[in-house]
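To keep things clear, I will list the structure first and then write my remarks on it.
Side-chain atoms are counted along with the backbone in the values below, which use heavy atoms only and exclude waters and symmetry mates.
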Amino acid sequence: MTETPFPQDPEAPRPPAYTPGSVQPRLNRPVHERYPQIRPTSGYGDPRIRHTGPGPGAGTEQEPERSSKLSARLTLALTVVIGQLWGLTVVVDEWMSGDTGTAWWGAGFLVLSFLVVLGLWLVDPKDR
């Protein structure tokens with residue numbers, strides 16, 4: 001057998017077993033004495049609390065027609081954005097290959113699709 005280059009570490013001292021309580025007597029007082037601002041009625045009977053959170057039906061759709069209209073516009077706008085990204089890829093590829101005529105037609109497509117999104121935004125100003 002070969003000898004290890006480092007001697008075995010002596011067994012590390014173990015931490016003392018946990019016992020509730022503290023050496024400091026001020027920390028051994030009951031919670032209501034340590035924190036007098038916390039009262040048994042804090043939360044439901046506290047006069048400082050005015051609103052307890054959302055009421056019944058919170059999170060449900062209040063105006064389904066508006067929601068469907070916004071979802072349709074969002075879907076159309078996302079479709080246009082995806083088309084713009086594809087068009088930008090084609091335009092850059094054509095420009096880099098030297099076909100500037102096709103690149104200018106593609107740039108026109110990008111401007112037109114931007115105008116479509118702008119038109120969608122202007123359709124219903126009260127939804128903003």
What donor-acceptor contacts under 3.5 angstrom involve side-chain atoms of residues 105-114, with partners at least two apart or in another chain?
| residue | atom | partner | partner atom | Å |
| --- | --- | --- | --- | --- |
| Ser113 | OG | Gln84 | NE2 | 3.1 |
| Ser113 | OG | Phe109 | O | 3.3 |
| Ser113 | OG | Leu110 | O | 2.9 |

Tell me which donor-acceptor pairs under 3.5 Å the side chains of residues 87-97 have, and how far apart each pair is, sequence neighbours excluded?
| residue | atom | partner | partner atom | Å |
| --- | --- | --- | --- | --- |
| Thr89 | OG1 | Leu85 | O | 2.9 |
| Ser97 | OG | Asp93 | O | 3.3 |
| Ser97 | OG | Glu94 | O | 3.0 |

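- With sequence neighbours excluded, no residue forms a side chain to side chain donor-acceptor pair (under 3.5 Å) with Thr100.
- In this structure, CG on Leu78 lies 4.5 Å from CG on Leu74, to the nearest 0.5 angstrom.
- Minimum interatomic distance between Thr79 and Thr75 (heavy atoms only, all atoms of both residues): OG1-O, 2.8 Å.
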